[in-house]
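What follows is a single structure, written as structure tokens, with notes after it.
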Amino acid sequence: MTDLEFMERALLLARRGLGKVSPNPAVGAVLVKQGRIVGEGFHQYQGLKHAEVLACEQAGDAAAAGAALYLNLEPCAHQGRTGPCCDYLIARKIARVVAAMQDPHPLVSGRGFQRLREAGVQVDVGLLEKEAGVLNEGFSKFVTSGDPFATLKSALSLDGKIAGPRVQSREFFSGPESAARTEGLRLQADAICVGAGTVLADDPLLTYRGPEPRRRPLVRIVLDPHGRIAPDRRMFADPSPIWWVRPALHGALPPHVSLMQPGQGNAATWKAVLKRMAFEGMYHLLIEGGGETNAAALQAGIVDKILLIYAPRLIGGRATTGVIGGAGFDPAIPVTEVTVTRVGADFWIEGYLR
Ligand SMILES: NC(=O)c1ccc[n+]([C@@H]2O[C@H](COP(=O)([O-])OP(=O)(O)OC[C@H]3O[C@@H](n4cnc5c(N)ncnc54)[C@H](OP(=O)(O)O)[C@@H]3O)[C@@H](O)[C@H]2O)c1
């Protein structure tokens, strides 16, 4: 196997931590001695141990000595919930560390590599750096800015509509392959957010229903500043947490529902939501519209990434809901690093707003 294949394996392992690691990064580690994998691990938050420690423990001290360690993220150099991994690796006599990227955490950012090099460990950085960056983009933004990362995701027709002329189910838009992949997005997210219009029109559950277990339940955030939603909607019957952004309400609420005061205006409301997420150590928000909510999020400047899932259908209609409502943007918002992926019959278009 090559360096590239070992790093691909480390990234694959890291992905197994999604849904479990936040507010930590997803990290996978592959320990290789004489071309053979002798240990592997991925970080899971619970159980504390970092991926590199798990890989070395699996190998044992004798096999770890002189081995090469492949990691998608720089080993930590600070005392957090665990001791510094770079010191641990030096003590295990690791000969080479191949890392995809530097840890953006201000307490690490290069110090781990430096410490390893000073101890005589060969350090190579940058293999599959882009893929590694995307995997931990929520973590990276959070530790460098303090703000959660927001992905705006929508399923739409080729002509940009997110709802038909009559109330229709969401399955109408994207195919089963897209639906399965969408659960992966929900797994990666800490919270999902919709506007009152969507709850009124679709009565969605907004739960995570994928096969991989989560460490913490997906928090469902509903923007309902005028209290238009009644608590008989389906989402309230499910016990996973709801942050209901609405004016004060008299009477007891079930324990999984907590009220949040809307801010003075669109941006202030988003700010309050993001602030609470950050306070609770949640770094990835998935915004699933509808059109007015999408526009409000873009207007407030909180969207980092867009994901538009185009299904091969045309809906048309002057009055049907488009993916981005509001008053429109002039100048238009540039989208960079755009990629297109075919998923079943659908087209996934992703890009960044930065
Ligand atoms: N295809 C898809 O992927 C998809 C996904 C979601 C929804 N949809 C469709 O979209 C349609 C609903 O879209 P919509 O544009 O009518 O409604 P919406 O975006 O779901 O909800 C809009 C409402 O949410 C509240 N809101 C949103 N952002 C806010 C903010 N920052 N601060 C305060 N309040 C905020 C406001 O409530 P108030 O008006 O009470 O102030 C606003 O009018 C439905 O037909 C649904 O099927 C499709």
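Every value quoted in this text rests on a predicted model; they were computed, and no experiment measured them. Whatever order the structure lists them in is the order used to number ligands and atoms, beginning at 1.
Put simply, part of N266 is less than 4.0 Å from ligand 1, judged by heavy atoms. The shortest heavy-atom distance from P225 to ligand 1 is under 4.0 Å.
Atoms of ligand 1 lying under 4.0 Å from at least one heavy atom of S154, given by number and element, are 2 (C), 3 (O). Residue contact check: A296 has heavy atoms under 4.0 Å from atoms 28 (N), 31 (N) of ligand 1. Every atom of ligand 1 is numbered from 1 in the order shown, and the set under 4.0 Å from a heavy atom of A163 is 45 (O). The ligand atoms of ligand 1 that sit less than 4.0 angstrom from a heavy atom of G291 are 13 (O), 14 (P), 15 (O), 19 (O). Proximity to W270 (heavy-atom distance under 4.0 Å) selects the following atoms of ligand 1: 31 (N). Those atoms of ligand 1 that come under 4.0 Å of a heavy atom in D202, given as number and element, are 46 (C), 47 (O). Interface atoms of ligand 1 facing E292, defined by a heavy-atom separation under 4.0 Å, are 15 (O), 19 (O), 22 (C). Residue A196 has at least one heavy-atom neighbour below 4.0 Å for each of these atoms of ligand 1: 21 (O), 23 (C), 24 (O).
Ring geometry, H43 versus H50: the interplanar angle exceeds 60°, so the pair is classed perpendicular (tilted spans 30 to 60°).
Contacts of T269 with ligand 1, taken as heavy-atom pairs under 4.0 Å, involve the side chain alone. Under 4.0 angstrom from ligand 1, the non-hydrogen atoms of E288 all belong to its backbone.
Under 3.5 Å, the side chains of D238 and T207 contain no donor-acceptor pair of N or O atoms. Between R181 and S174, the side chains place no donor N or O within less than 3.5 Å of an acceptor N or O (distance only, hydrogens not considered). Side-chain contact check for Q122 and D124: at least one donor-acceptor pair (N or O, by modelled atom type) lies under 3.5 Å. With hydrogens and angles left out, the side-chain atoms of Y70 and D3 include a donor and acceptor closer than 3.5 Å. In summary, the side chains of S240 and H256 do not present any donor paired with an acceptor at a separation below 3.5 Å, with no hydrogens or angles considered. Judged purely by distance below 3.5 Å, without hydrogens or angles, the side chains of W348 and S178 pair a donor atom with an acceptor atom.
The distance criterion of under 3.5 Å between nitrogen or oxygen atoms is not met by V194 with respect to ligand 1. Of the polar atoms of G290, at least one N or O is found under 3.5 Å from an N or O of ligand 1, judged by distance alone. Considering backbone and side-chain atoms together, N294 places no N or O closer than 3.5 Å to any N or O of ligand 1. Looking at A155 next to ligand 1, an N or O pair under 3.5 Å apart turns up. For the pair T198 and ligand 1, the shortest N or O to N or O distance falls below 3.5 Å.
For I315 against A163, the heavy-atom pair with the smallest separation is CG2-O, 3.9 Å. Smallest separation of non-hydrogen atoms from N72 and V27: OD1-CA, 3.3 Å.
Counting heavy atoms only, R228 comes closest to atom 42 (C) of ligand 1 of the residues K161, K153, H226, R228. Comparing heavy-atom distances from atom 21 (O) of ligand 1 across G227, G164, G197 singles out G197 as nearest. When I162, T321, V199 are checked for heavy-atom proximity to atom 9 (C) of ligand 1, I162 turns out nearest. Comparing heavy-atom distances from atom 19 (O) of ligand 1 across T293, V245, L223 singles out T293 as nearest.
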Distance-only donor-acceptor hits, side chain of residues 57-67, under 3.5 Å, sequence neighbours excluded:
{"from": "E57", "atom 1": "OE1", "to": "K49", "atom 2": "NZ", "distance (Å)": "3.2"}
{"from": "E57", "atom 1": "OE2", "to": "K49", "atom 2": "NZ", "distance (Å)": "3.3"}
{"from": "Q58", "atom 1": "OE1", "to": "E40", "atom 2": "N", "distance (Å)": "2.9"}
{"from": "D61", "atom 1": "OD1", "to": "R92", "atom 2": "NE", "distance (Å)": "3.0"}

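Using a 4.0 Å cut-off between a side-chain N of Lys or Arg and a carboxylate O of Asp or Glu, E74 and R111 do not qualify as a salt bridge. Salt bridge K141/D304: present, at least one basic N to carboxylate O contact under 4.0 Å. At a threshold of 4.0 Å, the pair D190-R215 does not count as salt-bridged, since none of the basic side-chain nitrogens sits closer than that to a carboxylate oxygen.
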